[in-house]
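None of these values were measured; they are calculated from a predicted model. Naming convention: chains lettered A, B, ... in sequence-line order (proteins, then strands); numbering from 1 in each chain.
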Number of protein chains: 2
Amino acid sequence: MCLTACMRTSEIFDLLRDGRARTRSELARESGLARSSVALHIDTLMSVGYVAPVGDAASTGGRRASLFALNPSARLVVGVDVGATHVIVELADLGGTGIAASRAELDVAEGPEAVLGWIAEAVRSLVAQQQRSLDDVVAVGIGLPGPVEHATGRPISPPIMPGWHRFDVAEWLRERLGCPVLVDNDVNIMALGEQRTAWPDTEDLVLVKVATGIGAGIISGGRLQRGARGTAGDLGHVRVPGSTAPCRCGNEGCLEAVAAGPAIAARLRELGVHATSTGEVVALAAQGSLEAAQVLRDAGRAIGEVLAMVVNLVNPSVIVVGGRLAGAANELHAGISEVVYRRSLPLATEHLRIAASETKGDAGVRGAVVLAIEHALSPDVLDAELLALSRPDQPVVMR
Amino acid sequence: MCLTACMRTSEIFDLLRDGRARTRSELARESGLARSSVALHIDTLMSVGYVAPVGDAASTGGRRASLFALNPSARLVVGVDVGATHVIVELADLGGTGIAASRAELDVAEGPEAVLGWIAEAVRSLVAQQQRSLDDVVAVGIGLPGPVEHATGRPISPPIMPGWHRFDVAEWLRERLGCPVLVDNDVNIMALGEQRTAWPDTEDLVLVKVATGIGAGIISGGRLQRGARGTAGDLGHVRVPGSTAPCRCGNEGCLEAVAAGPAIAARLRELGVHATSTGEVVALAAQGSLEAAQVLRDAGRAIGEVLAMVVNLVNPSVIVVGGRLAGAANELHAGISEVVYRRSLPLATEHLRIAASETKGDAGVRGAVVLAIEHALSPDVLDAELLALSRPDQPVVMR
DNA sequence: GCACTTTTGTCGACCTTTGACAGAAGTTGC
DNA sequence: GCAACTTCTGTCAAAGGTCGACAAAAGTGC
């Protein structure tokens, strides 16, 4: 049997990945194949369930053409956002639409088996609630609050995750859920979520998360930049010009020691305002505290200094500011914009936009869902699945 | 005729791109195709000249298998390195080996038509000298000393290239040389040359060029990062912590105002040492001037401060230090290493190497040649060429 | 209702891929 | 030096994918 059988099928499917409905003729034009060949592939894709007819197109003077589109409910994916003190598990369809979610206040320091155990149980129960089978779940994406070696799915020396160093998260969950598991850093995943949902036409985006820590996810040329060891985008310990504040990392003048939640709270206490946590800073800003506004604007300026370098270095078209501190405070955004536009090269800022996160606290899970979907629907994986379905007797071999 | 005719042919060719010789069986194993199919594709590739037999493999107990490899002399490419005051044009084979080169001391400020005119003439004469036809040249790569929009092949507001703004370099040369022209920033091209020749197994590399200006080329995940407008890697105007030196860009504390050639020369004059140009600084360092050593080490530290951010942000496995000032002075390298290893995160520096450029002043042309070769031998271009050759009557259509 | 337009499913022809086979080329052991 | 064995090469028919064409179906506009 010809092994290239389903090759072009995944090519056709790739065109439908954006969710838009298309006629057979449109697909033929876009793929370069003949209409008759496209029809054959569409039949294959419909028999697997990944594609479904969605009515007819308007007539252009003759018979109406039938429209086909990705069938989001064909399979399920799971997105998981693990924070320092919470875990969110969301069940979603292939279009990225959330179907059901679970949340637990769980300390990541309790260790991998406790956290991942809860996640596995949550997935099983969400799937059961929807009266679907675990076999329908084709991939799991998961974001962790620390450095992750994406290729192997293991955290590497994560500061706030004791017991997780080199733990094989991907394999542990795969054994229990029976599908591929993609692991990445939480900020990377937020960047992915933000880019795919709010900025689909932007190929170069930087997401800055400002909360108890500060980090960035960099998407360049449409691809997430992870670097050699998966630690790319670590803004928190970049030195801010003009600051000598001591940082827990041992160096001084780090951005995190100046502009992250704890540093802002400390600064407010110096001004005589009671604030001990990131949450309280957010609350003060929401109440309109003048001191909070002032300190947040200064923090924004410090972040802006560092982002100005990022702009010169990476040349993004959009910077998205996210994280708990960004949501509550326009001052942070104002401080950032002020410095970035002054300190970066004119050529790099000419078409640069600095925007607030669109997904309200949701970017992490959204990104995890995207990570899972993009793996499950990638040509390689789809080819293997189509091959397996066309020959149920043969074992699945991944090349 | 089936349009997919030569599809798999380029796949086989892709395997031979690394220059290593292989037997039909090896290619079959690596490509997943049957031996007989591979044999057919090899025949096609030999008839076009891109692949040639290179003797027999050692016997493993039976008949010796014949070896096939990329035939470097099948076609020619051109690499061009345009500097502020010089132009180098090199004719190379498909293996990237230089065949012949021309150099001119030509000021880039004389404008595009003068410089490009000289380049076109140089190419013609080099090709003629080698008794080959201009038709054998399949691609030209060219590096320019300023921001370039790679996709369109036009410089964008280049500071030291008056008259070049938005000039269609690619089209101008294509019309006169009759083959595709790839344009990029000179530092990007140096990074490409360095990575492909000296660090082929490294996917994440940053090249820093230290000369009259300072810039960086970033290769991440094996791909050159150009950013939204092609200005990525602009280190020169990143702010150095602790410096307030005024810069020609209008800001203060820029790296270029502290650590580039003119700044170093100015600093030496403050110390009573006569130095006016980058070249004189290099000469002083070569003579073992203590003042030059001291100033260069300080410059290295300043560059190290900025590179420490780059390491946190991009997480490369190798930083290559190139440019005129790097070649002459170990002190620069020492200063850089000292600060980078102290200021970057331990996780990011754990496997980080900081190396001197291996290609002695040659990285620019090497990278331009690589750019040309990788375009000319890319599957898309090769498919089109094979299709055109199999149907000489039909016009070539690029999809 | 009729002429015209457009889509759809089907079919034979063509091309690529495959696995098998016989012959060629080389090695090893006696 | 010869026989037995191993491995590679070229050829070929069968199988599968793709294509263009065609007739039937479905819809529009007058």
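- Each of dG27(D), dT18(C), dC19(D) was ranked by its minimum atom distance to the side chain of Ala34(A); first place goes to dC19(D).
- Here the nucleotide nearest the side chain of Ser59(B), chosen from dT8(C), dT27(C), dT28(D), is dT27(C).
- Stacking of Arg22(B) on the aromatic ring of Phe68(B) is not recorded, the 6.0 Å distance cut-off and the 45° axial limit not both being met.
- Taking atom CG of Asp56(A) as the reference point, atom P of dT5(C) lies 21 Å away to the nearest angstrom.
- Using a 4.0 Å heavy-atom cutoff across all strands shown, Ser66(A) reaches sugar-phosphate atoms only and no base atom.
- As rounded to whole Å, 15 Å separates atom P of dT16(C) from atom CG of Leu33(A).
- For His375(A) (side chain) and Pro180(A) (main-chain N/O), no donor-acceptor pair under 3.5 Å exists by modelled atom type.
- The residue among Gly61(B) and Arg35(A) whose nearest nucleotide of DNA chain C is located toward the 5' end is Arg35(A).
- Atom CZ of Arg8(A) and atom P of dG16(D) are 19 Å apart (whole Å).
- Arg63(B) places its CZ atom 12 Å from the P atom of dT27(C), with the value rounded to the nearest Å.
- As rounded to whole Å, 15 Å separates atom P of dC8(D) from atom CD1 of Ile42(B).
- Note: CZ (Arg64(B)) to C1' (dT7(D)) measures 12 Å, nearest angstrom.
- Taking atom CG of residue Leu387(B) and atom C1' of nucleotide dC15(C), one finds them 13 Å apart after rounding to whole Å.
- Residue Arg35(A) qualifies as open at atom CZ: its count of foreign heavy atoms under 6.0 Å is 12 or below.
- Between the side chain of Glu30(A) and the main chain of Ala28(A), no donor-acceptor pair closer than 3.5 Å is present.
- A sub-4.0 Å separation between OP1 or OP2 of dT18(D) and a side-chain N or O of His41(A) is present.
- For the OP1/OP2 pair of dT18(C) and a distance below 4.0 Å, the side-chain nitrogens and oxygens of Ser37(B) include at least one atom meeting the criterion.
- Taking 3.5 Å as the limit, the base of dG20(D) and the side chain of Ser36(A) contain a donor-acceptor pair of atoms between them.
- The cationic atom of Arg174(A) (NZ for Lys, CZ for Arg) does not lie both less than 6.0 Å from the six-membered ring centre of Trp172(A) and within 45° of the ring axis.
- Here dT18(D) presents its P atom at 16 Å from CZ of Arg24(A), a figure rounded to the nearest Å.
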